[in-house]
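Contents: one structure, followed by commentary.
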Number of protein chains: 2
Amino acid sequence: MEDHSKNLIKYNDKEFNCSLAFALQLIGDKYKSLIIYHLKDGPQRSGELQKSITDISNRMFTYSIRALEKDQLVKRKVYPVTPPKVEYELTEVGKTLIPIVLELNKWGQEFAKKHYLYAPAE
Amino acid sequence: MEDHSKNLIKYNDKEFNCSLAFALQLIGDKYKSLIIYHLKDGPQRSGELQKSITDISNRMFTYSIRALEKDQLVKRKVYPVTPPKVEYELTEVGKTLIPIVLELNKWGQEFAKKHYLYAPAE
DNA sequence: CCGTATCCTTAGGGATACTG
DNA sequence: CAGTATCCCTAAGGATACGG
């Protein structure tokens, strides 16, 4: 029976003394958790997924999804057809993040309501 | 009865069409959620708090804590003594983030265990 | 349709030094 | 002790163009 809480995590030549800092390295940037959120209901075509995330550039979409793939949170499926068709979906480990992003999403929603930040409906 | 899910959130001259993106703006950077995590058990002296977050520079500590303060997630208490003493603590709204950062922390821990990323104990 | 590559700009963030 | 200010550098990230 070991207490891991003080132990060092090593990943890709980087070191983390806190598992939260480590988790943030994996999904804590501007787009990764948005991608996970938009994959929560199942596989998505590449183009659709990218369009669903407003204001993401092509470059950052590719960059983020490749990183998620490398960390085994997202799976890539290529259909050998013309024109090419690619789908992304969460892996089993990736799915364990869904409750967290859902909670954070809900938190943001409630914060915005409480502070009256929602723009009036047109 | 309104569905806010598609509505626009406006905050500090920025616009967000997704409450998750908005939440990430508030706490999704490299240090803010670490600060919240380290304040979870109550008020902390400024110096102690900063030391508890390894590898944060003075500049980024100040920057992050000021942002959290401005967003009313963290409260600052100044004791008028010499030498100066300053404490930070979570506001009521800030406290509602604790379960989320705890979950994310736990997730990182389990991911690290599963992939054998913990460095061997010396 | 999907992805990579290149170029370029901005913002994130460290180090140091200095004030109340 | 707590915080600000300056300097400077690296990396995040947008725009565009091109290839399978």
Side-chain angles (χ1 to χ4, degrees), chain A residues 11-18 20-22 24-35 38-39 43-71 74-89, chain B residues 11-18 20-21 24-36 38-39 43-71 74-89:
Chain A
Y11 193 62
N12 292 339
D13 297 328
K14 289 183 186 172
E15 304 191 336
F16 305 88
N17 37 34
C18 164
L20 178 58
F22 171 61
L24 289 169
Q25 162 79 15
L26 293 183
I27 58 143
D29 79 348
K30 201 174 169 187
Y31 299 111
K32 286 180 190 168
S33 35
L34 283 174
I35 291 179
H38 285 280
L39 284 176
Q44 283 271 324
R45 274 195 78 155
S46 182
E48 295 303 310
L49 178 58
Q50 182 168 350
K51 258 184 292 177
S52 72
I53 300 167
T54 359
D55 292 331
I56 194 174
S57 66
N58 191 264
R59 191 180 166 284
M60 285 316 292
F61 177 73
T62 311
Y63 174 86
S64 307
I65 203 101
R66 289 285 170 277
L68 289 170
E69 229 185 311
K70 203 164 67 61
D71 294 334
V74 161
K75 214 165 23 195
R76 183 168 181 258
K77 285 184 359 194
V78 184
Y79 298 84
V81 293
T82 17
K85 174 179 170 180
V86 174
E87 276 186 355
Y88 292 105
E89 70 177 310
Chain B
Y11 193 61
N12 291 339
D13 296 329
K14 290 183 184 171
E15 303 191 338
F16 305 89
N17 37 33
C18 165
L20 177 58
L24 288 169
Q25 161 80 16
L26 292 184
I27 58 144
D29 80 350
K30 201 174 169 187
Y31 297 112
K32 286 181 192 168
S33 35
L34 284 174
I35 291 178
I36 288 163
H38 285 280
L39 283 177
Q44 284 271 325
R45 272 194 80 153
S46 183
E48 296 303 310
L49 178 58
Q50 183 169 349
K51 259 185 292 179
S52 73
I53 300 166
T54 359
D55 292 330
I56 194 175
S57 66
N58 191 263
R59 190 180 167 285
M60 284 317 291
F61 177 73
T62 310
Y63 175 84
S64 307
I65 204 100
R66 289 285 171 278
L68 289 170
E69 228 186 310
K70 203 164 68 63
D71 294 334
V74 162
K75 211 164 25 192
R76 185 168 180 259
K77 286 189 348 200
V78 184
Y79 298 83
V81 292
T82 18
K85 175 178 169 181
V86 174
E87 276 187 355
Y88 292 105
E89 69 177 310

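Just so it is clear: chains get the letters A, B, ... in the order the sequence lines come, proteins before strands, and each one is counted from 1.
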Practice task
Pull out every residue in residues 50-65 of chain A that has a heavy atom closer than 4.0 Å to any atom of DNA chain D, ordered by number, or say none.
Solution key: Asp55(A), Ser57(A), Arg59(A), Met60(A)

Problem - Approximate separation, where rounding is to 0.5 Å, of Ser57(B) OG and Phe61(B) CZ - result: 10.5 Å

Practice task
Taking atom OH of Tyr63(B) as the centre, report whether more than 12 heavy atoms of other residues, nucleotides or ligands fall under 6.0 Å from it.
Solution key: no

Exercise for the section: Would you grab the first and last nucleotide of DNA chain D (5' to 3') that comes under 4.0 Å of any non-hydrogen atom in chain A? Expected result: dG13(D) to dG20(D)

Problem - Side-chain heavy-atom pair Arg76(B), Arg66(B) within 4.5 angstrom cut-off - result: yes

Practice task
Would you mind classifying the nucleic acid contact of Tyr31(B) as base, sugar-phosphate or nothing, using non-hydrogen atoms under 4.0 angstrom?
Solution key: sugar-phosphate

Handout entry: DNA chain C contacts among residues 80-89 of chain B, heavy-atom distance under 4.0 Å
Key = Pro84(B)

Handout entry: Over 12 non-hydrogen atoms of neighbours within 6.0 angstrom of OH in Tyr11(B)
Key = yes

Handout entry: Where chain B begins and ends its contact with DNA chain C, read 5' to 3' at 4.0 Å from heavy atoms
Key = dG13(C) to dG20(C)

Practice task
State which residues pass side-chain hydrogen bond (donor to acceptor under 3.5 Å, both in side chains) with Glu87(B); sequence neighbours excluded, sorted by chain then number.
Solution key: Tyr79(B)

Handout entry: Phe16(A) side chain reached by Leu24(A) side chain, heavy atoms, under 4.5 Å
Key = no

Practice task
Provide the closest heavy-atom pair for Pro84(B) versus Arg45(B) in the form atom of the first, atom of the second, distance.
Solution key: O-NH2, 3.6 Å

N/O donor to acceptor pairs below 3.5 angstrom from side-chain atoms of residues 25-35 of chain A, sequence neighbours left out:
unit_1	atom_1	unit_2	atom_2	d
Asp29(A)	OD1	Tyr31(A)	N	3.2
Asp29(A)	OD1	Lys32(A)	N	3.0
Lys32(A)	NZ	Leu26(A)	O	3.4

Problem - Pairwise distance CD(Glu69(B)) to OG1(Thr62(B)) - rounded to 0.5 angstrom - result: 10.5 Å

Practice task
To the nearest 0.5 angstrom, please state how far the CD1 atom of Ile56(B) sits from the CD1 atom of Ile65(B).
Solution key: 8.5 Å

Problem - Distance, nearest 0.5 Å, that separates CZ of Arg59(B) from OG of Ser64(B) - result: 9.5 Å

Fill in the blank from the handout: Looking only at heavy atoms, the pair that brings Tyr88(B) and Val74(B) closest together is CD2-CG1, 3.9 Å

